[in-house]
Amino acid sequence: MSELVKISKTQFENVFQCEFNDGTVRLCTKNLAPGFSVYGERLFKVEGIEYREWNAFRSKLGGAILKGLKQNPIVKGTKVLYLGAASGTTPSHVSDIVELEGKVYGVEFSPRVVREFLLVAQHRPNLFPILADARFPQYYRTLVEDVDVLYVDIAQPDETDIAIYNAKFFLKNGGYMMMAIKARSIDVTKEPTEIYEMEVNKLKENNFDVIQVIQLDPYDKDHAMVLAKYKGK
Amino acid sequence: MKVYIVEHAIGSFAYDEQGKLIDFVLSSKDLGKVVDSLLDNEKGIPLPTTIELIQKIKPEEVVVENEAEIPNLQQLGVKASYEIHNLGSRIFRESLPKIAIETKFASSENDLYSFLYEVSFEYTRRKLRTAASKRDLLAIQAIRAIDDIDKTINLFSERLREWYSIHFPELNKLVEDHELYASIVSKFGHRDEITNTGLDEIGVNKDLSTKILDASKKSIGADITDVDIRSIKMLSDTILELFRIRSELTDYVESVMKEVAPNVTALVGPTLGARLLSLAGSLEDLAKMPASTIQVLGAEKALFRALRKGGKPPKHGVIFQYPAIHTSPRWQRGKIARALAAKLAIAARIDAFSGRFIGDKLNEELKKRIEEIKTKYAQPPPRKPQEQKRKEEERKGKKGGREKRKGRR
């Protein structure tokens, strides 16, 4: 196994990169729950601080950063509503980045993966696990508040509509939305680029300024990450 | 007067049309009650704090966010309508921490968030449990199906061996594994069609294939026709199919068990875990059993005989299948079984009623205890004089001695 040579900052707050002696460079974050590895990723201790390797192949946010995300609205202290938390891989890194001052409300609908998500949230006081259907924000309105960033990764045909509906409920004016679009779950017959354009237009019609669309291959095939700013309700 | 009512885990808040907070009722800090009311709210029952608030300020018309609540609110004698993300909820959710502190629900932001964390955890856990409920019954049926298939495989394999032995009797002794035996019959049929490469393909080692080939050439078995072979092959194909179903069911049991009883599964693995559920009846039944009962589950016959005749009770039931028990010397088994059963009782209760995962911790403690038993009781205990006396009595042929037990399946 390759050995760690150096850890350095990236242009984004609380996102680091680690270099190995074989020349590879990977992303990593400071571990908020030292000693616990979430999905089998490696942990490194440097000058008393533990870092967790961030596998861009398993996390679309990680992929987007490596593919040239212009700005990362998720920083220390950010409040995030995370739709599609799944087993908590990406949410754990988001929870690392926002630190205890920030909050991550993780919504996931499948009981099967929520079990694993609970295990991740157990060691992270800033990560709130919510088993609910993102289609019905009125049901989890009682558990959340307005957020700075709405992160959506739900792979549903009507993903964009669900995202916009949730933004109306919980996204602050001037807040950001990050949406991972899985072209294949919206329409398998269309070209992915065509789909991204369609979804981006939907966002524009609903008061979003689309800042960037990043194609995520090779980390995720036929996926794109959309970064958009919400102009208000 | 139109009033916006905002409902949240921390309480219910009323805003007027100018967006001013008129009044509020805070939730109790009893987690269980709060979560209950949140879950009810999804079905359209207003939070208890909302009802209290409406009775307190007696508004003419209220605006809420959950459409399903409207009929219930109207029963309280107020006009009700719904509007998502209305004026009140916008103001409230924008400044939740501030409001929580100003209304003295929480003394600090930390206080508020640790409350919300506990509530969302409990809420999710509770929903998870309803989702997972009854799935234990599926695992139970699956494990019973596996046991049935095992019985069938044995029965069919015995028949196949006898049948095919008319043609090639030597194979019976050479191949003990039922699955391999069936695949040889299925693949080749006639004994003189058996080839080295063919045997290699189904994973027979060199040594054995030479023996099989050798035997097939010198076989004393009778010659049979293609029609005869075809019927035999039908049976062997069925056996192979049963093996396939068995392995699929095993995977299925594993996935269900990890979901419904992660802690029990962590301790004893999916198969034994499912057997325990099967013997108990359900996960909840297992959770309600004392450890001493879990210890002898599956050895009921031996236990009740012992109780009736005053003999020695069995030390273990189905948990005998746990490797640390059946690989240990006889005098350590009872102690290990007791330790394991105690941990199982804890695990089953958490699986049934709470849902946390502490399997790793339980496992560690159990391993430690087993280590302790192994070092402390490394030597067999000395024979008790009483036992010898009883042995003598037995030799004299007196009745009432203890029977030899077979306390497991």
Side-chain angles (χ1 to χ4, degrees), chain A residues 36 77 79 81-82 85 88 95 98 100-133 136-148 164-175 232-233, chain B residues 6-12 27 34-35 37-39 41-43 47 64-69 82 84-85 89-97 99-100 109-110 112-114 116-132 135 255 258-260 262 355-358 360:
Chain A
F36 292 100
K79 285 174 183 163
L81 176 61
Y82 193 123
S95 134
V98 303
L100 289 175
E101 288 82 350
K103 309 288 164 223
V104 183
Y105 297 95
V107 176
E108 171 58 47
F109 189 43
S110 156
R112 179 72 197 78
V113 290
V114 165
R115 257 183 199 278
E116 283 156 44
F117 184 37
L118 279 183
L119 299 183
V120 176
Q122 221 167 40
H123 308 292
R124 295 171 176 273
N126 65 358
L127 184 52
F128 302 74
I130 299 171
L131 172 62
D133 188 345
F136 302 105
Q138 56 267 43
Y139 292 160
Y140 50 86
R141 73 184 195 286
T142 49
L143 291 165
V144 303
E145 58 180 315
D146 278 7
V147 293
D148 309 299
I164 293 168
Y165 193 42
N166 272 278
K168 279 191 185 138
F169 267 84
F170 308 116
L171 189 56
K172 284 182 187 163
N173 292 348
K233 323 207 170 179
Chain B
V6 188
E7 300 177 295
H8 196 272
I10 69 166
S12 298
S27 297
V34 173
V35 172
S37 54
L38 294 186
L39 290 170
N41 186 251
E42 289 184 12
K43 288 176 234 145
L47 297 184
V64 289
E65 271 190 300
N66 186 358
E67 191 184 356
E69 282 177 41
Y82 90 101
I84 63 155
H85 203 268
S89 58
R90 196 156 67 220
I91 294 168
F92 177 82
R93 280 200 293 262
E94 251 168 29
S95 42
L96 169 71
I99 293 170
E109 276 198 27
N110 270 345
L112 166 71
Y113 285 114
S114 66
L116 283 182
Y117 180 79
E118 303 269 319
V119 171
S120 52
F121 227 97
E122 184 59 31
Y123 168 90
T124 297
R125 211 181 275 153
R126 196 80 72 82
K127 276 189 146 181
L128 206 53
R129 207 178 308 143
T130 27
R135 289 210 70 189
S255 76
K258 277 192 177 149
E259 207 173 294
V260 296
R356 267 178 310 137
F357 181 77
I358 56 156
D360 292 337

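Every chain is numbered from 1, with letters handed out A, B, ... down the list of sequences.
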Atom group of A:F117 that falls short of 4.5 Å from chain B, counting heavy atoms:
neither
The single option from A:I130, A:V107, A:V104 that satisfies side-chain contact (heavy atoms from CB on, under 4.5 Å) with A:Y82 is A:V104
Do B:L38 and B:E122 have side chains that approach each other closer than 4.5 Å (heavy atoms only, starting at C-beta)?
no
In terms of heavy-atom pairs under 4.5 Å with chain B, which of A:R141, A:Q138, A:K103 leads?
A:R141
Could you work out, with ring pair (Phe, Tyr, Trp, His ring centres under 6.0 Å) as the rule, every residue matching B:Y113, not counting sequence neighbours?
none
All ring pair (Phe, Tyr, Trp, His ring centres under 6.0 Å) counterparts of A:Y139, not counting sequence neighbours:
A:F136
Is chain B contacted by the side chain of A:L127, its backbone, both, or neither, given a heavy-atom distance below 4.5 Å?
backbone
For A:Q122, is it the side chain, the backbone, both or neither that has a heavy atom under 4.5 Å from a heavy atom of chain B?
both
Heavy-atom pairs under 4.5 Å with chain B are the metric here; pick the option from A:L100, A:V144, A:N126, A:V114 that has the most.
A:V144
Relative to chain A, which of B:L47, B:L116, B:N110 shows the most heavy atom pairs under 4.5 Å?
B:L116
Return the OH to OG distance between A:Y105 and B:S120, rounded to the nearest 0.5 Å.
8.5 Å
Engaged part of B:Y123 at the chain A interface, taking heavy atoms whose separation is under 4.5 Å
side chain
Name the option with the most non-hydrogen atom pairs under 4.5 Å to chain A; the candidates are B:L39, B:L96, B:I10, B:V6.
B:L96
Rounded to the nearest 0.5 Å, how far apart are OH of A:Y165 and NE2 of B:H85?
11.5 Å
